[in-house]
Amino acid sequence: MRVYVAYTGGTIGMVPSDQGYVPGKAFADDILVHLKSYQPDHEFDVHTYERLIDSSNATPEDWLAIATDLQNKWQDYDAFIVLHGTDTMAYSAAALAFMFQHSRKPIVVTGSQIPMVKKRNDALSNVFGSVDAVLNGPNGVFLFFGGKLLEAARARKVDTSDLSAFSSPNFLPRGVLGIEWEWRKMHLPKQAELLQIPPMQSGNVTILPVFPGVQSAHWESLLGESVKGAVLYSYGAGNAPDQDAGLLSLLQKASDRGVVIVNISQCGKGSVSSGTYAAGSALERAGVISGRDMTFEAAFAKLHFLIALGLPVSEIKDTFSKTLAFDVL
Ligand code: ASP
């Protein structure tokens, strides 16, 4: 197999500096030596990005750059591994899952909590696990971390220090790597590969946080002219204050001018069912649509993706509710 490894930055390849860890350029050569000795029968190319970043600097334009890079190499390689910082890995992985729907080749995003330059690290086990996954596992877009192969649009970073830093709260892992792999068998209908890389732009999507005492003034500045989508970060089963007419009319006005507002719960696990409480149904009446059991990260990336496709608002709303990449039940 020919495997393309895109090194975008992140802790995995970082080296110490006066200001703390920063991405290191020598990493690509080092990891290539390890890859060749781990799987000598397969071919690896490691490409170091010009602008190596701590993924907390990543933007939707970076998702686009990664996707375009993979698309340019699509015919030349059998499998793809993206080395990425953990902080925003779930966002980038979800964005890739929407851009490479029903991919006929495996794409695995991974990184590490401890840089490879440290003697004890999780970099090699995550990279080798990702290699095993692309060589032996299913096609599609996944995030591999701490022994778990997760659907890319279902994964979240849930731990700052544990080496098992990612979980998939609403969807079982596709594979778990212990001594051997344990695969989750899924009977999937054959669907045509759909690669779409629309020009996603920073600033098109915002977040509306719900917190005790939230006022319309807090949200007004977040709903600027350029905003076309928003993730309402609600309580519990999808609730927000329904006693503040100002808040609801702000949502209504934004929705009337074509902003697609989706409701995602701060709980992280479980689903939004906004009709359950009056405080949730008020949101529906104000034009907010349910994000059901999607992760916050996937909802954010999906809004960016659908908006950038240039679909009419009604179609964005319809498509948002459908599963495109195992992202929602
Ligand atoms: N701040 C780092 C990043 O996201 C953290 C990591 O890679 O683990 O790039």
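Indexing begins at 1, ligand by ligand and atom by atom, following the structure's order. Everything quoted here is computed from the prediction, not taken from an experiment.
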Exercise for review: Only counting residues at least two apart or in another chain, list the ones meeting ring-ring contact (aromatic ring centres under 6.0 Å, His included) with Phe80.
Suggested key: Trp74

Review point. Is there a heavy atom of Pro23 sitting under 4.0 angstrom from any atom of ligand 1?
Key: no

Check your understanding: Side chain of Asn239, backbone of Gly236: donor and acceptor closer than 3.5 Å?
Key -> no

Practice item. Report whether Leu135 and Trp181 are members of the same hydrophobic cluster (ILVMFWY, side-chain heavy atoms less than 4.5 Å apart, transitive linking). Key: yes

Check your understanding: What protein heavy atom sits nearest atom 8 (O) of ligand 1, and how far off is it?
Key -> Thr86 OG1, 2.5 Å

Point to revise | Under 4.0 Å to a heavy atom of Asp54 - the qualifying atoms of ligand 1, by number | key: 1 (N), 2 (C), 3 (C), 4 (O), 9 (O)

Review point. Under 3.5 Å, N or O to N or O, is Gln113 touching ligand 1 that way?
Key: no

Practice item. Number the atoms of ligand 1 from 1 as they appear, then name those within less than 4.0 Å of a heavy atom of Gly10, with their elements. Key: 7 (O), 9 (O)

Exercise for review: Give yes or no for whether the N/O distance cutoff of 3.5 Å, strictly under, is met between Thr88 and ligand 1.
Suggested key: no

Point to revise | Heavy-atom donor-acceptor pair, Asp293 side chain to Leu329 backbone, under 3.5 Å | key: yes

Review point. When clusters are formed by joining ILVMFWY residues with side-chain heavy atoms under 4.5 Å apart, either directly or through shared neighbours, do Leu223 and Val231 land in the same one?
Key: no

Point to revise | Any Phe27 side-chain heavy atom under 4.5 Å of Ile12 side chain | key: yes

Study note, to complete from the structure: Closest to atom 6 (C) of ligand 1 among protein heavy atoms sits Thr11 OG1, 2.7 Å

Point to revise | Evaluation steps, side-chain hydrogen bond (donor to acceptor under 3.5 Å, both in side chains), between Glu61 and Ser202 | key: CA-CA 7 Å; Glu61 286 79 359; Ser202 297; 2.5 Å; yes

**Study point:** Identity and distance of the protein heavy atom lying nearest atom 9 (O) of ligand 1
**Key:** Ser55 N, 2.7 Å

Revision key, fill the gap. One finds that the ligand 1 atoms under 4.0 Å from a non-hydrogen atom of Ser112 are 8 (O)

**Study point:** Heteroatom distance test (Asp87, ligand 1): nitrogen or oxygen, under 3.5 angstrom
**Key:** yes

